[in-house]
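Just so we're clear, the structure is a prediction, and the values are computed from it rather than from any experiment. Throughout, a chain's letter reflects where its sequence line sits, starting with A, and its residues are numbered from 1.
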There are 2 protein chains.
Amino acid sequence: MIHFGILDDHPLVVEGLLSLFKTNPEILAGWGTTTLADCEKKMLESPVDVLLLDIHLDQLDGIKLCRDFRMRFPALQILMLTSYAEPPLIKAAFQNGAAGYLLKNAGYREIQEAITTARSGRRYVQPQVQEILLSSSMGFGQTPRLAYIPTLTQREQEVLTLIVNEMTTQEIADKLFVTTKTVETHRTNLLQKLGARNVAGLVKIALEKGLV
Amino acid sequence: MIHFGILDDHPLVVEGLLSLFKTNPEILAGWGTTTLADCEKKMLESPVDVLLLDIHLDQLDGIKLCRDFRMRFPALQILMLTSYAEPPLIKAAFQNGAAGYLLKNAGYREIQEAITTARSGRRYVQPQVQEILLSSSMGFGQTPRLAYIPTLTQREQEVLTLIVNEMTTQEIADKLFVTTKTVETHRTNLLQKLGARNVAGLVKIALEKGLV
DNA sequence: TTGCTTCTCAGGGAAAACCCTGAATTTTCA
DNA sequence: TGAAAATTCAGGGTTTTCCCTGAGAAGCAA
């Protein structure tokens, strides 16, 4: 019997997953939560073997969270759950201790297999994800992005969010009570870290990877 | 007894919704589909009272689809399902015949209420959405967006796509075999039509509304 | 035929973004 | 406590975007 927990800010997904496995004797859903606080509480109250973790939580970096959980709960296996099949995200997930990477368009069987595989300590890679990884490493057409998701600093995070909200350097500087030069530095670093050529790239990456 | 159908490209959401209402005697889920083709077939085979429609389907404009379905199936009530609470999207949905607008973070009760309300011919507005609409019309802080999704011309569409792909005006001009001045005109028109302040806004709107 | 939309192009100017180098101060953490 | 990371700021320059006005050509529909 496998106990698993869920952290996803969409109750729909949580409830759906829970009811999906309700009748399966092999897999027992321990609980589902929609906030980090709830999830942490639950983890302590009733530990699970496998945690399904949404990569794009409100205001939270799922990847970081994954690493964090892995350190705090060594026996815990984590399956990242996401809508985006971005190679950098996938790699970052695995580099940070994820046992699997599931697209939200995964079917019942795939989810089940992922959970059982993760439980047994092996990695599960969805066939679809595998394909994406392969095609991306061939690199036909698309701009090569960084192979991992760099960790943004607090400030960079803030600046990025404001950029995505269409604010100019001047406006951001005013809002953060710093000079425009400082904001420019952050912009430059963001471009570099995210491998973007300009604002368009920043916004695109930010939205796609759920960095904002 | 209410029959409802689902069209969402995430099997997880579809299966989740289906199983959520499996035990409810008042609401009967007719079917769930993940592709437009399947959905259309199902609509003819076994018509439903209410259709839950994902607003952001792969390559498809959910809003347009909504209008389309409304014309083809006059008795059908449609509930838009989405992750984004963008006021323009909400308004566009209602203007195109949607009976309700549900965020994917909606709870079981809200979904149930939305379905029954829609069935009875009334509109359902999630409290959370209502709040967003109000706060947006008050216009505190946020840039007011257009109340509808403007139709982009062929050329504008092309330019927008290239902008999202981080290309500069010069590069776009070269690619389309026109002068930079022409591309600038398209850019200006795009900003105007989409109600954006700069590239960041363009990219954001383009991605959120699935324009690219 | 007239009006509408789309697509094209231009001049000229202001604002914003991007690039490079260099550096001081504070925070964080091993 | 000491090194690394983060944050701050600057000069000075190039490129890109944004804004305004104006306009010709092509296609289409009433």
Report each atom pair, protein N/O against N/O of nucleotides 14-17 of chain D, whose distance is under 3.5 angstrom.
| residue | atom | partner | partner atom | Å |
| --- | --- | --- | --- | --- |
| D:dT17 | OP1 | B:Arg187 | NH1 | 3.4 |
| D:dT17 | OP2 | B:Thr169 | N | 2.8 |
| D:dT17 | OP2 | B:Thr169 | OG1 | 2.8 |

Who are the side chain to side chain contact (heavy atoms under 4.5 Å, CB included) partners of [X], not counting sequence neighbours?
X        : result
B:Thr35  : B:Ala37, B:Asp38
A:Thr169 : A:Thr180, A:Val183, A:Glu184, A:Arg187
A:Asn189 : A:Glu156, A:Thr185
B:Leu191 : B:Ala196, B:Leu202

(message) Taking salt bridge (charged side-chain N to carboxylate O under 4.0 Å, His left out) as the cut-off, I'd like each qualifying pair that reaches into residues 170-179 of chain A, sequence neighbours left out, listed once.
(response) A:Glu171-B:Arg197

Could you list the residues that satisfy side chain to side chain donor-acceptor pair (under 3.5 Å) with [X], not counting sequence neighbours?
X        : result
B:Thr188 : none
A:Glu40  : A:Arg72
A:Asn198 : none
B:Thr179 : B:Thr182

(message) Donor-acceptor check, side chain of B:Asp8 to backbone of B:His10, threshold 3.5 angstrom: yes or no?
(response) yes

(message) Tell me the interatomic distance from B:Gln192, atom CD, to D:dT21, atom C1', rounded to whole angstroms.
(response) 15 Å

(request) Let me know the distance between CD of A:Glu166 and P of C:dA16, rounded to the nearest Å. (result) 14 Å

With 3.5 Å as the limit, what N/O pairs link the protein to nucleotides 3-9 of chain C?
| residue | atom | partner | partner atom | Å |
| --- | --- | --- | --- | --- |
| C:dC7 | OP1 | B:Arg155 | N | 3.2 |
| C:dC7 | OP2 | B:Thr153 | OG1 | 2.3 |
| C:dT8 | OP1 | B:Arg155 | NE | 3.1 |
| C:dT8 | OP1 | B:Arg155 | NH2 | 2.8 |
| C:dT8 | OP2 | B:Arg155 | NE | 3.1 |
| C:dT8 | OP2 | B:His186 | NE2 | 3.0 |
| C:dC9 | OP2 | B:Thr179 | N | 2.9 |
| C:dC9 | OP2 | B:Thr182 | OG1 | 2.8 |
| C:dC9 | O5' | B:Thr182 | OG1 | 3.4 |
| C:dC9 | N4 | B:Thr185 | OG1 | 3.0 |

(request) Compute the angle between the rotation axes at the two ends of the helix from C:dT1-D:dA30 to C:dA30-D:dT1, each taken over five pairs, rounded to 10 degrees. (result) 60°

